[in-house]
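Below is one structure, written out as structure tokens, with a few remarks after it.
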Amino acid sequence: MDLLIDSFISAIMLAASLDAELFSIVAVSLKVSGSSTVLASIIGVPFGFVVAFESFKGKRFLITCLNTLLALPTVVIGLFVYAFISRRGIFGPLDLLYTQGAIIIGQTILIVPVVATFTISAISRIDDRYRKTAMTLGANRLQTAMVIIREARFGIMAAIIAAFGRVIAEVGISMMLGGNAKGFTRTMTTAMALEYDKGEFVLAVALGIILLCISFGVNMLFHFFQGRTEE
Amino acid sequence: MTLYSASGIKKIYNGKTVLDLNSLEIEQGNIYTLLGPNGAGKTTLLRILAFLDPPTKGTISFRGKDVRFSETSLQPLRKKVVMINQRPILFTTTVYKNIEFGLKVRKLPPKKREHIIKEALGMVGIQHLAHAPAHRLSGGETQRVALARAFALSPEVLLCDEPTSSVDLENQSAVINILKQVNEQKQITIIFTTHDRLQAAALATRTMFLDHGKQSAAAGENIFTADLKEGTGDSSLCMIQNMVELNMPVRKTGKVRLFVDPEKINIINKPGKNCAHGKVVQVSEEKERIRITVDTGVFFTLLMTVEKYRGTNLLVGDQIYLHIPPEAIQVQDI
């Protein structure tokens with residue numbers, strides 16, 4: 001118990017002293033997680049919208065597959081992407097392995113299903129009268145789609161925030177594809193794992209506190225947008 | 001000028017025919033009412049006329065041109081016709097932006113949009129709500145915004161699905177007056193559905209009655225589900241809700257839909273064949289005619305001219321006999 005309390009106090013002091021190493025790790029984490037969230041949103045939101053809005057054969061099966069992908073372990077994605085970007089993989093010449101780009105690719109694959117399924121759910125909850133109203137007021141398909149996206153905006157925002165929450169806390173992909181290189185691919189979670197291995201708890205606890213604060217902020221935002229959706 | 005002309009229109013959902021019209025003609029500038037019970041196919045017909053749903057079978061022409069129910073062909077037609085839902089929904093933004101939506105779609109310049117929105121808001125008397133959040137309005141206000149949103153587009157046809165069903169009495173008369181005013185001032189053809197016969201009579205130039213998806217000549221009065229039993233000779237006995245027994249000059253048995261023409265029912269002094277005894281429970285005026293409701297265990301409505309009514313000296317509470325001649329009865333299979 002003393003160890004935890006001592007580590008906690010030291011961690012608070014470390015964070016308060018604006019330690020350069022600590023903030024470099026946080027910055028890398030935010031950069032790769034932010035980039036993968038943006039990419040996943042660009043892919044997942046339109047994809048989710050089309051799945052929710054259009055009727056086609058195999059729609060239920062596709063949604064079931066997306067739901068299954070929500071439970072995909074990060075190490076499986078790590079292995080899968082590794083097979084493509086390692087020296088012997090088809091994208092080997094691009095030299096992506098152990099770069100931030102590799103982490104971003106892996107994390108994007110991880111959260112596209114999250115963004116897509118939450119978007120499907122947000123769009124499906126929108127009253128069909130919005131579509132009919134837009135159509136009868138003369139809107140074309142694209143304008144009607146924009147009306148629905150606008151009405152589902154809080155739900156879609158919640159999808160994006162949930163996806164960010166998922167990647168900021170993942171460790172498997174960052175470790176396997178990033179390699180935990182100091183100052184370059186070392187994220188909060190990989191640094192915590194390393195510090196734990198070394199038996200150095202101060203930095204690990206400090207990073208844990210920051211990660212918890214970020215997660216708390218993300219969840220506050222998530223609930224804010226969910227609340228607006230239910231209004 | 002004929003605006004809509006339709007023939008052989010059918011709409012089938014999951015194998016069930018919900019609308020089956022032989023022909024339909026809508027003239028420009030008139031107000032039409034679609035009367036009928038729930039599930040009669042009124043909303044289905046409105047959605048077809050609004051070019052939102054294609055009919056399963058049949059053809060429709062608009063202003064003499066055949067309508068092709070493909071997305072590209074319907075797009076320009078939808079800009080001429082606006083439908084207002086029974087419970088209209090407003091976009092979660094301001095009232096002003098709700099009305100502006102259709103004008104933006106039509107690519108009108110901002111100055112012109114502003115002028116039209118002000119005029120539309122003035123028409124429905126809610127100028128003060130222009131910048132209010134639309135989703136916080138009351139039912140009556142929402143209905144008015146929906147009307148303003150439609151008027152702003154100056155459509156050729158306005159289709160209203162029970163425009164007064166979700167508003168209070170005060171707002172009901174306001175909505176009716178607004179529709180009348182728009183029809184007179186802008187010559188917009190209005191087609192609206194209602195359950196309320198008095199409302200239909202007050203507003204419409206023409207009334208159509210739909211029942212089980214079919215147009216009925218009976219105008220929504222005296223419609224009963226009845227049991228036909230074998231009678232003597234070539235006739236059948238008809239029991240309406242086990243209360244009124246009528247002799248029908250047809251040989252048929254089983255459940256049928258019965259329409260009794262309210263203008264062909266006679267008032268007599270003595271009991272006789274095809275007669276029902278009852279009490280006058282309501283007398284009202286309706287477009288220069290008198291409507292009398294008689295409770296015989298089953299409610300019958302009679303319609304007669306003012307002159308004829310004066311000759312009867314009928315008052316509410318009077319006990320009378322109704323004679324229902326065979327020619328007043330139409331039978332439809334269920």
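Proteins come first, then strands; the chains are lettered A, B, ... in the order of their sequence lines, and each starts at number 1.
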*Determine whether more than 12 heavy atoms belonging to other residues, nucleotides or ligands lie under 6.0 Å from atom CZ of A:F216.*
no
*Measure distances from B:F91 to the heavy atoms of chain A and classify the residue's part below 4.5 Å as side chain, backbone, both or neither.*
both
_chain A contact via B:I89 - side chain, backbone, both or neither, heavy atoms under 4.5 Å_ = both
*Would you mind checking which part of B:P76 comes under 4.5 Å of any heavy atom in chain A, side chain (CB onward), backbone (N, CA, C, O), both or neither?*
neither
*Who wins among B:V82, B:L159, B:L77, B:L103 for the most heavy-atom pairs under 4.5 Å with chain A?*
B:V82
*Step through the shown structure and confirm whether more than 12 heavy atoms of other residues, nucleotides or ligands are within 6.0 Å of CZ on B:R63.*
yes
_Heavy atoms from other residues, nucleotides or ligands near OH of A:Y82 exceed 12 (cutoff 6.0 Å)_ = no
*asked:* Is B:R47 in contact with chain A via its backbone, its side chain, both, or neither, using a 4.5 Å heavy-atom distance?
replied: side chain
*Decide if atom NZ of A:K31 counts as having more than 12 heavy atoms of other residues, nucleotides or ligands within a radius under 6.0 Å.*
no
_A:R166, CZ atom: more than 12 neighbouring heavy atoms under 6.0 Å_ = no
*Can you tell me if CZ on A:F61 sees more than 12 non-hydrogen neighbours from other groups inside 6.0 Å?*
no
*Heavy-atom count around A:F23 CZ within 6.0 Å, excluding the residue itself: above 12?*
yes
*With chain B as the partner chain, list the residues of residues 128-145 of chain A whose heavy atoms fall under 4.5 Å from it, by residue number, and write 'none' if nothing qualifies.*
A:R129, A:Y130, A:K132, A:T133, A:A134, A:M135, A:T136, A:L137, A:G138, A:A139, A:N140, A:R141, A:Q143
*Taking all non-hydrogen atoms of both residues, which atom of B:T93 and which atom of A:R150 are closest, and how far apart?*
CB-NH2, 3.7 Å
*Inspect the surroundings of NZ in B:K57 and state if more than 12 heavy atoms from other residues, nucleotides or ligands are less than 6.0 Å away.*
no
